[in-house]
Amino acid sequence: MSRLSSSCISRVAQIKGHLESSPVRGGATESNPLILYDLKSQLPPGTTWSPNVWKTRFVLNYKQIPYKTVWLSFPEIETTLKSLGFQPSSVSHTSGKEWYTLPVISDPSPESGGEPTLVVDSQVIAEYLDSKYPQRPILPEGTKAFQAMFVKWVQTNVLPHLIQLVAPQIIGILDGPDVDYFVRTREKMFGKKLSEPSRKTWARSTSTFPETEGEIS
């Protein structure tokens, strides 16, 4: 079995676990909204910039689910999510390190005094929301396995290149401890200093586009 197929099966199992262990319906109301955790920046208050968090925000807006936003800095993510009981979004196969990332949501229980459902990862969140808030569905029936595989393919083959184009631009909207944290962790991730995108970086990124188009078609 390929690593990609194995990863997709694991993701499907993760989604199934959330759906089976949570209440039959979501409990978000105007007076008790769902909570979405997002990233702080120097942009005007209420401005979201993270593409990953935007995926979840689009779903919430489209499905018209009542929610509020809690803003976190990069250094706050792991400690905050751990304290609230969130599971890590991924675990390194080599070092065993747990990674805590956004978006995550806390969906209130429809039962009085019930515990909220904590959901991690934008794809898992999308399927969870479609199940618990079926109005205005976003995922066509019978396509979930295909979509999980495509998302994993893009994450494996496209994003590692594109993120190196975007990362240097993000520094300009961060401040304080966020800048130091972001630069340190991304330089470790890329194995090199952050710099302005070069023609070589752009060429590596765009070289994946024809293959991506083939996967879509």
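The structure presented is a predicted model; accordingly, all values stated were derived computationally and were not measured.
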Peer 1: Could you check whether any side-chain N or O of Y133 sits under 3.5 Å from a backbone N or O of Y128, counting only pairs where one atom can act as donor and the other as acceptor?
Peer 2: no
Peer 1: Can you confirm whether more than 12 heavy atoms, excluding those of K97, are under 6.0 Å from its NZ atom?
Peer 2: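 Result for NZ/K97: enclosed.
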Peer 1: Hey, what do you get for NZ (K63) to CG (D130), rounding to the nearest 0.5 Å?
Peer 2: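 K63 atom NZ to D130 atom CG measures 4.0 Å (nearest 0.5 Å).
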Peer 1: Within the side chain of D178, is there an N or O that forms a donor-acceptor pair under 3.5 Å with the backbone of F74?
Peer 2: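 Checking the backbone N and O of F74 against the side chain of D178, a donor-acceptor pair under 3.5 Å is found.
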Peer 1: For the atom pair CG (D121) and CD1 (I105), what is the distance rounded to the nearest 0.5 Å?
Peer 2: 11.0 Å
Peer 1: If every non-hydrogen atom of Q87 is compared with every non-hydrogen atom of V120, which pair is closest and at what distance?
Peer 2: O-CG2, 3.5 Å
Peer 1: Within this structure, what is the OH-CG distance for the pair Y37 and L72, rounded to the nearest 0.5 Å?
Peer 2: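 Rounded to the nearest 0.5 Å, the OH-CG separation comes to 7.5 Å.
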Peer 1: Would you call R57-D38 a salt bridge at under 4.0 Å N-O?
Peer 2: yes
Peer 1: Are the side chain of T29 and the backbone N or O of N32 linked by a donor-acceptor pair below 3.5 Å?
Peer 2: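 Yes, because the side chain of T29 sits within donor-acceptor range (under 3.5 Å) of the backbone of N32.
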Peer 1: Please confirm whether the backbone N or O of S73 pairs with a side-chain atom of E76, one donor and one acceptor, at under 3.5 Å?
Peer 2: yes
Peer 1: What's the shortest heavy-atom distance between I65 and Q135, and which atoms?
Peer 2: CG1-NE2, 4.1 Å
Peer 1: A cation-pi test, strictly: NZ or CZ of R136 under 6.0 Å from the centre of the six-membered ring of Y62 and no more than 45 degrees from its axis. Yes or no?
Peer 2: yes
Peer 1: With L39, which of T101, I77, I170 fulfils side chain to side chain contact (heavy atoms under 4.5 Å, CB included)?
Peer 2: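 So the option named by the test is I77.
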